[in-house]
Amino acid sequence: MLRSLIEQLVFASLQQLQQQGVFAAEQPFVFQVERPRDKNHGDFATNAALVLAKSARLPPRQLAERILSALPAGQTAVERWEVAGPGFINFFLTPQTLQNLLVTIGQQAADYGKSHSGQGRRIQVEFVSANPTGPMHLGHGRGAVTGDVIVRLLQAIGCSVEREYYINDAGGQTLVLGRSVLIRYHGLFGQEWPLPEGCYPGEYVLDIAKALQAEQGDRWLTPTPPERPPQEVVDFAIARCLAWIRDDLKLLNIPFDTWFSERSLHEEGLIVHAIEQLASKDLIYEGILEPPKGKQPEDWEPRPQRLFRSSRFGDEVDRPLQKSDGSYTYFAADIAYHLNKAERGFAGLINIWGADHGGYIKRVQSALAALTGRHDLLEVRLVQMVNLFRAGQPVRMSKRAGTFVTLREVVEEAGADAVRFWFLLRSSGAGLDFDLDLAMAKTNENPVFYVQYAHARVHSLRRRLQDREISDIPESPHYLQRLSEEPERELLRHLSRFPEVVEQAALEKEPQKITHYLLEVAAAFHTYYNGYKILDEDTDLRAARMALSKAVGQVIANGLTLLGVSAPEQM
RNA sequence: GCACGGUUAGCUCAGUUGGAUAGAGCGUUGGCCUCCGAAGCCAAAGGUCAUUGGUUCGAAUCCAAUACCGUGUACCA
């Protein structure tokens, strides 16, 4: 990375000054090397003189001069440097340094942008984990794509990442599903029963019932559908929903390594195991919670419950582990699940959750802190909801009115590329408007096409070269010197940033940084393409510009690959 | 009430671990195809970075209050 090159230069100079007594022997050097917003301020700038002025007891500009005079001799990357503003040091790279980048990109090809800074750290990302009680909706899709790209980013910086889906195949909601199916199933035999409050009304429930009828006949037919459905019916329904979910994820090209069953936690005694550990630390007691502040539930009544002292670990109040009927709460299972994750030895855990689970973060983290002593093991990223639009108008969705639009319908209509790219356009913490018509538009209003078009243009140039039978680009890169125009330098600067962008996006778990970077590269290339003739008559110039264009194509392809979006050669 | 997220151009949003004159798309106005893909480009206009105070060489960014918006708020998942 070019940035670390500059960092090393500055650091060497500071050490030199330290030997000269400008700094105390134990002085730590904390400074930044950054990309100036304004290109008149060079390719890189450092604030070292500003930050260290106090400890050197020198005015910043004066210290900056000292730093410059102590920079190691013999380096060839930087053409010139200057002291600017209040005491910044600006570095201007030699043209060769940027031009040689094209050789690097050509050699590294699909690997350009990757690094090993993750040092093989084992990280688990748990995402989607949508309840297997119905089809996936847009919000699930956004979480799925976000999680998938965070995995890809972490892998790109050299982490060893595992993808996991937590299946909520235990608990009350699965029984509700089973009951809903069973009632619809009876309807298929002419026994119409009204759907009780809380049951799932969706069309898909009927589909499951039909499948049950087709595969198992009238086996589950009874005079009245029982309130508690047989486990086999529940399992049938869950399996059906899970199959749909797997198909939806496949449509979006999102694989998983592990499908972890909540029920297995119950069956293998892991919940008991976790609660015993909490009990051994004296963190469990029988108690009655205060009524919640603000909006009071109407059916609130004081109940003695088995509680975990999560408030000792940063949570607002203690949390119940068992319901009044004695069965475990979802939270109890989640404690066991996360303890299990910790015991599997991951160096880091990342959960991608819908924003409606935000209030849940502290209690899970407090449980992990209590059981493992680690407060930073689990990192949770929240993904805000998606609003569906069509031609600028919001699409009203209602489960009851049957106007619910599923993820599958949107993916089938707009395509996986458009859906993925759009989901990655905004930071996950902010709400997202998804316009179906815009996502399918073939104009620069549609950022997906804008980026893909830039890539296709590069390949169009390559095809042209072959048509004219002049693909005889010299092997030695001497001709790269011909890249002297400002837009060319601008493009090279953009390309040189790519590894930095990948690293930052990975560390901060912010896929949209890649998306926006690609939009910038595409814009810079479109500008260049319109202003300059790539396939010039001059052989060397043509070769140089093609080398630049091919590098642009490579970087866009690498970036799109990180996003899981295709990079078509023709459109 | 509390917790979390948000507040930046008419609209939708970026904004690099605090950096120099705050950016993009859409929309508006005006230009560019005898030339490599106009699915593109160029230019103009458009801002009290919600408000107030604080921290420091320097704040959209950090801290504290305030005001709105969203989500969640015992025994659902």
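Hydrogens, waters and symmetry mates play no part in the numbers below; they use all other heavy atoms, side chains included. Note that this is a predicted model, so its numbers are computed, not measured. Lettering follows sequence order; numbering is per chain, from 1.
Among the nucleotides B:U71, B:C41, B:C35, the one closest to any side-chain atom of A:Asp356 is B:U71. Nearest to the side-chain atoms of A:Arg37 among the listed nucleotides B:U16, B:U21, B:G72 stands B:U16. Listed nucleotides: B:A74, B:C13, B:G5. Nearest to the side chain of A:Gln384: B:G5. Out of B:A20, B:A77, B:C57, the shortest distance to the side chain of A:Glu262 is found at B:A77. Set against B:C36, B:A20, B:U17, the side chain of A:Leu461 has B:C36 as its closest nucleotide. Here B:C4 is the nucleotide among B:C36, B:A20, B:C4 with the atom lying nearest to any side-chain atom of A:Leu382. Distance from the side chain of A:Glu510 is smallest to B:G15 among B:U17, B:G15, B:G40. Considering only side-chain atoms of A:Glu316, the nucleotide from B:A14, B:C75, B:C2 that sits closest is B:C2. For A:Lys54, the listed nucleotide lying nearest its side chain is B:C57; candidates were B:C75, B:C57, B:A77. Nearest nucleotide to the side chain of A:Ala45, out of B:A74, B:A20, B:U17: B:A20.
When heavy atoms are screened at a 4.0 angstrom cut-off, A:Gln32 is found touching base atoms of the nucleic acid. Using a 4.0 Å heavy-atom criterion, one finds that A:Pro60 contacts no nucleic acid atom at all. Backbone-only engagement by A:Ser427 is indicated by non-hydrogen atom pairs under 4.0 Å involving sugar-phosphate atoms exclusively. Here A:Arg457 lies in heavy-atom contact (under 4.0 Å) with sugar-phosphate atoms only.
Salt bridge A:Glu508/A:Arg381: absent, no basic N to carboxylate O contact under 4.0 Å. The existence of a salt bridge linking A:Arg462 and A:Glu569 is excluded, since no basic side-chain nitrogen approaches an acidic carboxylate oxygen closer than 4.0 Å. Salt-bridge formation is not detected for the pair A:Arg363/A:Asp334: no Lys NZ or Arg NE/NH1/NH2 atom is positioned less than 4.0 Å from an Asp or Glu carboxylate oxygen.
For the residue pair A:His357 / A:Asn351, no side-chain donor-acceptor distance below 3.5 Å is found, with atom types taken as modelled. Using modelled atom types and a 3.5 Å distance limit, the side chains of A:Gln504 and A:Glu500 yield no donor-acceptor pair.
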**Prompt:** Pairs counted as Watson-Crick or G-U wobble with both distances under 3.5 Å: what dot-bracket string results for RNA chain B, using | for bases tied to another strand?
**Reply:** (((((((..((((.....[...)))).(((((.......))))).....(((((..]....))))))))))))....

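Heavy-atom nearest nucleotides on RNA chain B were determined for A:Glu34 and for A:Lys362, and the one closer to the 5' end corresponds to A:Lys362. If you find the closest nucleotide of RNA chain B to A:Tyr330 and to A:Asn47, the one lying nearer the 5' end belongs to A:Asn47.
Rounded to the nearest Å, the gap between the C1' atom of B:C76 and that of B:A65 is 37 Å. Straight-line distance between the C1' atoms of B:A24 and B:U8: roughly 13 Å, to the nearest whole Å.
Relative to the ring axis of A:Phe92, A:Arg80 places its NZ or CZ within 45° and under 6.0 Å from the centre. With a 6.0 Å cutoff to the six-membered ring centre and a 45° limit on the axis angle, A:Arg457 counts as a cation-pi contact of A:Tyr529.
Here A:Tyr360 does not count as stacked on B:G72, because the ring centres are not under 5.5 angstrom apart with planes under 30°. The side-chain ring of A:His41 is stacked on the base of B:A20, judged by centre separation under 5.5 angstrom and plane angle under 30 degrees.
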Distance-only check: which donor-acceptor pairs under 3.5 Å involve side-chain atoms of residues 166-176 of chain A, not counting sequence neighbours?
{"from": "A:Asn168", "atom 1": "ND2", "to": "A:Glu262", "atom 2": "OE1", "distance (Å)": "3.4"}
{"from": "A:Asp169", "atom 1": "OD1", "to": "A:Ser261", "atom 2": "OG", "distance (Å)": "3.3"}
{"from": "A:Asp169", "atom 1": "OD1", "to": "A:Glu262", "atom 2": "N", "distance (Å)": "3.1"}
{"from": "A:Asp169", "atom 1": "OD1", "to": "A:Arg263", "atom 2": "N", "distance (Å)": "2.7"}
{"from": "A:Asp169", "atom 1": "OD2", "to": "A:Ser261", "atom 2": "OG", "distance (Å)": "2.7"}
{"from": "A:Gln173", "atom 1": "OE1", "to": "A:Tyr200", "atom 2": "OH", "distance (Å)": "2.6"}
{"from": "A:Thr174", "atom 1": "OG1", "to": "A:Gly171", "atom 2": "O", "distance (Å)": "2.7"}

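The aromatic rings of A:Phe260 and A:Tyr337 are tilted relative to each other, their planes meeting at an angle between 30° and 60°. Aromatic ring pairs are classed by plane angle as parallel below 30°, tilted from 30° to 60° and perpendicular above 60°; the pair A:Tyr330 and A:Tyr360 is tilted.
Atom CZ in A:Phe88 sits about 14 Å away from atom P in B:C57, given to the nearest Å. Atom NE2 of A:His455 and atom P of B:G40 are 17 Å apart (whole Å).
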So which protein nitrogen or oxygen atoms get under 3.5 Å of nucleotides 29-31 of chain B's nitrogens or oxygens?
none

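If you look at A:His526 and A:Tyr450, their ring centroids are closer than 6.0 Å.
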